[in-house]
Structure formats: structure tokens, C-alpha cells
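Position 1 is the first residue of the sequence; numbering continues from there.
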Amino acid sequence: MSAASVAVWLGTVVTILSRSHADRNVYPSAGVLFVHVLEREHFKGEFPPYPKSGDARDDPITFNTNLRGYPDRPGWLRYIQRTPHSDGVLYGSPTAEHVGKATIIEITAYNRRTFETARHNLVINIMATEEFPLPYQAEFYIKNMNVEEMLASEVLGDFLGAVKNVWQPERLNAINITSALDRGGRVPLPINNLKEGVYVMVGADVPFSSCLREVENPHNQLRCSQEMEPVISCDKKFRAQFHIDWCKISLVDINKVVPVYITRPDPGTGILPDFGEYNPPSESLKSRDYFSDFLITLAVPSAVALVLFFILGYTMCCRREGVAKRNMQTPAIQLVHHSAIQKSTKELRSMSKNREISWPLSTLPVFNPVSGEVVPPIHPDNYETTSMPLMQTQANLQNQITIPQQRPSGDNYVMSTFRRLEVNGIPEERKVAEALNL
């Protein structure tokens with residue numbers, strides 16, 4: 001390796017190390033919007049070369065930001081990165097209480113293809129301004145923008161130019177930008193190029209213009225309550241690039257805002273006094289024997305359960321009256337009635353075992369299986385059933401039908417005879433004889 005190559009290689013190494021460990025200082029003003037872009041191109045040179053072939057320009061890179069020594073960022077600072085192939089953005093509005101304090105943000109870049117990381121610090125030195133805070137503040141809701149689109153310097157400059165053209169102030173600053181999702185908005189459907197929406201707060205040193213005051217017109221307030229778009233004369237100056245929801249505009253004059261002072265209430269009787277620092281117990285504590293506690297825990301419930309078991313056993317087994325004592329205290333006539341009912345029940349049960357079971361009507365043949373002729377009905381149409389007795393004798397059995405059935409082989413026939421019965425006036429067919437081999 002030549003001396004020139006070694007020098008170039010050493011220069012490259014030194015450059016990478018200096019980029020990885022150098023702190024970058026920024027000086028935002030309190031009450032003014034702070035935007036810092038984490039450019040992917042800036043961190044690509046800090047990753048070591050990838051041994052395999054591939055286009056390093058398309059490596060997916062994500063960022064993680066946190067306050068040094070803490071897991072998250074300060075409350076006023078937010079971060080957004082839409083995809084691993086887009087730049088990350090840190091943005092927020094520092095307040096006066098952070099003036100003079102250096103805020104160190106640790107930025108860690110992850111290469112999702114090579115799994116390499118790079119880190120450097122961003123030192124935010126918040127400066128005080130004489131014009132903080134601006135007395136007149138207006139917040140606009142822009143429907144056709146996402147927060148990362150609005151944070152671009154060109155887009156934000158165009159919006160401030162349109163506001164300045166309408167408001168005509170001497171000083172105009174962007175105070176804060178907030179995504180509509182952080183205000184409880186819903187994620188839009190991925191159709192018709194819908195946007196999430198963004199709230200942009202600006203401040204000026206002069207009162208609000210008449211155009212901005214048109215939102216407070218009762219007629220426009222009525223249209224907003226009916227979910228109709230109000231009529232604003234200066235809307236055409238924004239419409240070319242920004243779709244503003246004028247019903248959600250907020251105009252605040254901080255000179256008329258009554259300050260609210262929150263005082264700490266005096267501690268009541270329920271507040272314990274301050275005993276100083278907590279002194280934990282020493283490590284030389286004696287071990288405690290829990291065997292006696294274990295025995296007490298098991299012995300007491302077991303003894304109670306055993307006593308209850310003996311009481312229940314004595315009541316169930318030793319205090320029974322018995323059948324003989326019961327019969328002696330029962331009147332004789334009641335025992336006779338009970339015995340008669342029991343005998344009748346047994347007799348009915350024994351008789352029910354020998355009774356015949358009716359054949360269902362679905363088992364009766366409806367046509368001749370040999371000739372295919374349809375069997376005539378059991379009774380003709382003019383058959384009178386109202387005069388039939390409830391209990392039929394052998395002499396009352398009429399309209400019997402004998403249906404011949406031919407066996408598959410031979411000329412022998414089987415004669416099946418069916419008898420007609422009625423139960424409570426409802427006719428029922430019953431099979432009487434079968435299987436006569438002629």
C-alpha cells in the first residue's frame with residue numbers, strides 16, 4: 001500500500017470518528033418554532049463500508065432520539081420520521097423556563113440493511129428574546145397537509161407569507177406546529193390523497209386584521225354550528241396551496257388572558273411529617289421460623305371441620321326416628337289408603353307390560369306390491385262414524401280388508417288382515433293376522 005493510500009485511509013477514519021463523536025450546537029429562541037432535520041445523507045458516511053454489493057444510497061435508516069441520561073426527549077421536543085427512506089425531523093417550541101440551559105439530545109442512527117449504528121449529540125442552547133411572547137397569537141388548522149410536509153422550510157415560508165399578507169404585522173413568527181393526531185384526530189383513509197391535518201400557531205405584534213375577525217361574525221358562527229363552511233373574504237389568498245378550516249381557527253390576545261396562579265395547599269392532618277431520609281434495615285436480621293404459623297393455619301380449620309363432622313354424623317345417624325315409629329304415629333285409615341294405592345299402582349304397572357302396541361299408520365301398505373294396484377280406502381266416502389260405539393265388539397268389526405301379498409318366488413300368497421278400531425272417536429288401524437302360507 002502506498003503512502004498516499006495510507007494517508008487517504010487514515011483521513012477517512014479520522015473523518016468518520018470525528019463525525020461520530022462531534023457535538024453539533026444549535027441556538028433556537030424561546031417561543032419560536034425550532035426545526036432540525038436529521039438528514040440521512042449526513043449519517044451514511046459514518047457507517048463502515050458494506051462488504052457485499054449494493055447501492056448504499058437506498059439503505060433504510062431510522063433514528064432514535066432521547067435526552068442524555070433519560071429514555072425520552074424533553075416535553076417540548078417532538079420527533080417524526082414517516083418511512084426509513086425519509087429524513088427525520090426534530091421540532092418543537094422551547095419555553096422561557098429552558099432559557100440558559102443546555103439540552104443535549106443523543107441521536108442514534110440505525111442502518112436497517114447492515115445493522116450498523118452511528119451516534120452523535122445535538123446540543124440545544126435556548127436563547128431569550130425581547131419579543132417573547134408575542135401578544136397576539138392565531139392558530140390555523142390546515143386540512144391538506146401532514147406535519148412533516150408543513151415543517152419543510154419552503155412550505156412553512158409560503159404559509160407565513162400568506163398570513164403576513166392578510167395580517168400585515170411588523171413581526172411574525174411561527175410559534176408551534178402540532179399534528180392533528182396529537183389533538184385527538186383520526187387517521188385518514190388511504191384514499192383521495194387525504195392528509196392528517198396540522199395545527200400551526202403564529203404570533204404577531206399587531207392586533208388581528210378584519211379578515212381574521214370575520215370568523216367571529218354571528219353569521220359565520222351559525223354556519224359553523226351547522227357544519228357549513230363560513231364565508232371569509234381572505235380565504236382565496238390561502239386556497240391555492242392551503243385549505244384552512246376557518247371554523248377551527250383560534251385567536252388569542254394574551255394581554256386579556258387572566259393569569260392563573262396555582263398555589264400549593266397547606267398539608268392537612270392526614271399528611272405525615274417529614275422523617276428525613278429512609279434508612280433500610282441492616283442485613284444482619286434474624287431469620288423467622290414460620291413452622292408454628294403454618295401449624296396454626298392448618299390446625300384450627302381442621303379442628304373446626306372435625307367438630308362439625310361429628311355433630312352432623314350424630315344428627316344423621318343417631319337421631320333417626322325410623323319407619324316403625326313413623327307407622328305408630330300415623331292413623332290406621334291413612335295406612336290402609338296408602339296400601340290400597342300402592343297395590344293398585346303395582347297392578348297397573350304389571351298390566352301395562354302385557355298390552356299390545358299399536359302399529360303406526362305409516363307401516364300399512366297403500367298399494368299391491370305385485371300388481372301395483374292402489375288399495376281402496378278402509379271406509380267409503382259415505383261411511384258414518386258418528387253412530388259407532390266407543391267400545392267395539394267382534395260384531396261391530398266391519399270394513400275389514402284383506403290384502404294379498406305375493407312372495408318373490410313361487411305362487412304362494414300371504415294374507416294380511418287389518419282391523420279398524422276407534423279410540424275416543426279417532427279411527428286407528430291395527431294389524432291382526434299375518435303370515436298365512438297357502
Side-chain angles (χ1 to χ4, degrees), residues 71-72 184 186 264-366 378 385-386 388-394 396-397 414 416-435:
D72 202 356
R186 301 181 62 180
R264 185 176 181 181
D266 296 333
T269 58
I271 305 300
L272 296 177
D274 186 11
F275 293 101
E277 296 182 357
Y278 171 70
N279 295 321
S282 62
E283 299 180 356
S284 61
L285 294 176
K286 296 181 179 180
S287 61
R288 180 179 176 183
D289 186 11
Y290 293 95
F291 182 72
S292 58
D293 298 339
F294 176 74
L295 291 180
I296 294 175
T297 304
L298 292 182
V300 174
S302 300
V304 174
L306 187 61
V307 171
L308 294 178
F309 175 76
F310 280 114
I311 294 175
L312 181 62
Y314 174 76
T315 304
M316 297 292 295
C317 300
C318 302
R319 301 288 297 176
R320 297 184 62 184
E321 296 180 352
V323 179
K325 186 176 181 179
R326 184 196 64 185
N327 293 340
M328 291 176 60
Q329 295 179 356
T330 305
I333 186 64
Q334 186 175 354
L335 293 176
V336 171
H337 290 171
H338 177 73
S339 178
I341 293 172
Q342 190 175 10
K343 290 180 181 180
S344 300
T345 303
K346 291 181 179 179
E347 184 178 359
L348 290 174
R349 289 180 178 177
S350 61
M351 293 173 62
S352 63
K353 295 179 181 179
N354 301 326
R355 63 184 179 181
E356 297 179 358
I357 302 176
S358 311
W359 287 71
L361 297 178
S362 60
T363 61
L364 298 178
V366 295
I378 297 177
T385 60
T386 58
M388 292 185 63
L390 294 177
M391 300 297 294
Q392 296 188 9
T393 60
Q394 188 67 23
N396 298 123
L397 296 177
V414 176
S416 298
T417 304
F418 296 87
R419 183 178 57 182
R420 185 181 184 281
L421 296 178
E422 283 188 1
V423 179
N424 296 331
I426 301 175
E428 180 183 4
E429 308 304 316
R430 203 166 179 190
K431 193 169 183 181
V432 177
E434 190 178 14

Are T345 and I341 packed together at the side-chain level, in the sense that at least one heavy-atom pair is separated by less than 4.5 angstrom?
yes
State the CD1-CZ distance between I296 and F291, to the nearest 0.5 angstrom.
11.0 Å
How would you list, by chain and number, every residue that makes a side chain to side chain donor-acceptor pair (under 3.5 Å) with R288, sequence neighbours excluded?
D293
Min side-chain heavy-atom separation E347-M351 under 4.5 Å:
yes
Tell me, do Q342 and H338 make a side-chain contact under 4.5 Å, heavy atoms counted?
yes
Per the side chain to side chain donor-acceptor pair (under 3.5 Å) rule, what does the pair list look like for residues 299-318, sequence neighbours excluded?
none
